[in-house]
Amino acid sequence: MKGARLISALAVCALTAGAGFLVWSVPESDASAIPAQVSSAAPADIRLVCSGGFEANAQSGIDVESVDADMKSRSWLVGTSGSESVTDAQGNALSSDSAILQGDADALTGVYSVPGETEDLQLAGGTLHTATAGDARGAAVNPCLSAQSDMWLVGSQASVGTSNVLVVTNPGENAVVVDLEAYGSTGLMDLGSLSQIAVAAGATVRTSLDGALESDSRIAVHVTSGGSVTAVLQETVLDGARPSGVTFVTPSQQSTSLTVAAVTVGEEATEVPTLRIVNTQPEAAKVSISVTDGSGTSPLPGGTNVPIAAQTVLDLSLSGLAAGQYTVHITSQASVTAGVELVSQEAEGEPRDIAWAAAESSVTAGAAVFGPLGALVTVTAPEGTESSVTVTPIDSDGSAGEAFHAKLDAGGHVTFEMPEGTIAVTLKATAPVYAAVVTQANVRAGKTIDWVPIFSPLREDASRAIAVSD
């Protein structure tokens, strides 16, 4: 045993000496950086998620059986360049000789996909609800949207006569749990068992929030999920037995700088919009508001350094603005979100309709579906950026009409009135612009109003650079 230990010790010494020899024998050299290889991930498919149309949910009001409501539902899927690559949820390719890939009296549901490498695609879809009387009188488009994991729905109220239905669609292949938070004028609300909603793969879930929300004249709903979903809030308002508007609240951005395009101020004293701002942070914040029209950008009177308590919702009237089309800008020291309620009502006591405009990011290309209602497309260039814009109307047979063109200086603003019969538009710009669509139509005893965002697939976000080291 002693001999074995001696041999082992000698072997260790020999290995150590050899190692020392090798270390000192390596010639010195300068370290050099080896650049990582960079490759792009395969572009993800662009997905347009459609969650159906308006569904009556009011528990009281006018008995529709005794009223000729002339309620209709119509839907369209519109695509231009690259539309030959669009497939439905079953993988069937859609083809058409016109810009309308699909049009029906039924609501548009399901997921429509386009390969991520498709160039110059302009795609949009939505389901239009119209009614000339009854509880659901008004016009409201539920637009097809991109799936997200974090959304703010800024709009509606929790009060007697108002029905709120949250519509969540899961386009993925796995079930997801969606978390809900509701904010009001005094802070966070307790949603109880409705703070979470399970949504099966490929399913759409409609959840009534009536009774779960504390009574409040101003609310906002925060939707988050571990997967990507779409969410809209269907709002139906009754003033006693009188219909007072229908709309879909679509997602708004959250940021320290927000823009809401296509804000309509009507001719009547009853048609003043209301700006709603949500302080999403646990600390108080101050916000400043400015508005842009054809004459430029100016501060909103009384809208500088407006305080908002932590995690609360604030409403500000836009009274004082002349009738016309505006773009509203909100800046804040802390992250906020916002929306604007638009109103169409010719006089107190007359039929009323509403729409909620959302804070959206700028786009260079996109499209919107809104149906055969009188449409105004408002486009505003950001401060410091010039842009040339082309807006092309699509009529009910899918034909493209004569395009509208404008060159916008930095901060420039233009509104295009679409020809009668236009059901959709496409937009292209040489630099990012803010844009949206407002529709108004004369119906029995009044007008309707609706606001529709421009859908843009934001293809530049679909690919990511990945560093690969040897």
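None of the values given here were measured: they were computed from a predicted structure.
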- Query: Between the side chains of Thr259 and Glu360, is a donor N or O closer than 3.5 angstrom to an acceptor N or O?
  - Reply: no
- Query: Which atom pair, heavy atoms only, marks the closest approach of Ser332 to Val336?
  - Reply: OG-CG1, 3.7 Å
- For His329 and Ser290, test the side chains for any donor-to-acceptor distance below 3.5 angstrom and give the result as yes or no. no
- Item | Nearest heavy-atom neighbours spanning Gly126 and Cys144 | N-SG, 3.8 Å
- Item | Heavy-atom pair with the smallest gap, counting every atom of Glu386 and Ala431 | O-CB, 3.3 Å
- With a 3.5 Å cut-off and no angle check, do the side chains of Glu235 and Thr247 form a donor-acceptor pair? no
- Could you tell me which non-hydrogen atom of Leu180 sits nearest to which non-hydrogen atom of Leu194, and how far apart they are? CD1-O, 3.2 Å
- Message: Between Ser73 and His129, is there a side-chain donor-acceptor contact under 3.5 Å, judged purely by atom types and distance?
- Response: no
- Message: salt bridge (charged side-chain N to carboxylate O under 4.0 Å, His left out) for Arg218 and Glu341? Distances and angles first, verdict last.
- Response: CA-CA 11 Å; Arg218 47 188 191 262; Glu341 184 184 38; over 6 Å; no
- Test item: side-chain donor near acceptor, Ser228 and Gln148, under 3.5 Å: no
- Which atom pair, heavy atoms only, marks the closest approach of Gly384 to Ala410? N-CB, 3.3 Å
- Query: Going by atom types alone, do Asp450 and Thr439 pair a side-chain donor with an acceptor below 3.5 Å?
  - Reply: no
- Message: Could you tell me if Asp179 and Ser225 have a donor-acceptor pair between their side chains, going purely by distance under 3.5 Å?
- Response: no
- For Thr274 and Leu316, what are the C-alpha separation, side-chain angles and deciding distance, and is it a side chain to side chain contact (heavy atoms under 4.5 Å, CB included)? CA-CA 6 Å; Thr274 299; Leu316 296 172; over 6 Å; no
- Message: Could you measure the distance from the CD1 atom of Ile354 to the CG atom of Leu342? Nearest 0.5 Å is fine.
- Response: 9.5 Å
- Is the gap between the ring centers of Trp152 and Tyr183 under 6.0 Å? yes
- Between the side chains of Ser185 and Asp216, does any donor sit under 3.5 Å from an acceptor? yes
- Message: Working to the nearest 0.5 angstrom, can you tell me the gap between Ser98 OG and Asp397 CG?
- Response: 7.0 Å
- Item | Carboxylate-amine/guanidinium proximity below 4.0 Å for Lys447 and Glu271 | yes
- Task: Would you check if there is a donor-acceptor pair between the side chains of His222 and Asp150 at a distance under 3.5 Å?
- Result: yes
- Message: Less than 3.5 Å apart, any donor N or O on the side chain of Ser163 or Thr236 sitting next to an acceptor on the other?
- Response: no
- Task: Mind listing the closest non-hydrogen atom pair of Ala441 and Leu373 along with its distance?
- Result: CB-CD2, 3.8 Å
- Query: Could you walk me through whether Arg352 and Val343 pass the side chain to side chain contact (heavy atoms under 4.5 Å, CB included) check?
  - Reply: CA-CA 7 Å; Arg352 178 177 181 266; Val343 180; 3.8 Å; yes
- side-chain hydrogen bond (donor to acceptor under 3.5 Å, both in side chains) partners of Ser317, counting only residues at least two apart: Ser319
- Return yes if a side-chain donor-acceptor contact under 3.5 Å exists between Thr378 and Thr415, otherwise no. yes
- Item | Short side-chain donor-acceptor distance under 3.5 Å, His413 and Thr380 | yes
- Message: Can a side-chain donor-acceptor contact be found between Glu181 and Ser195 if the only test is distance below 3.5 angstrom?
- Response: no
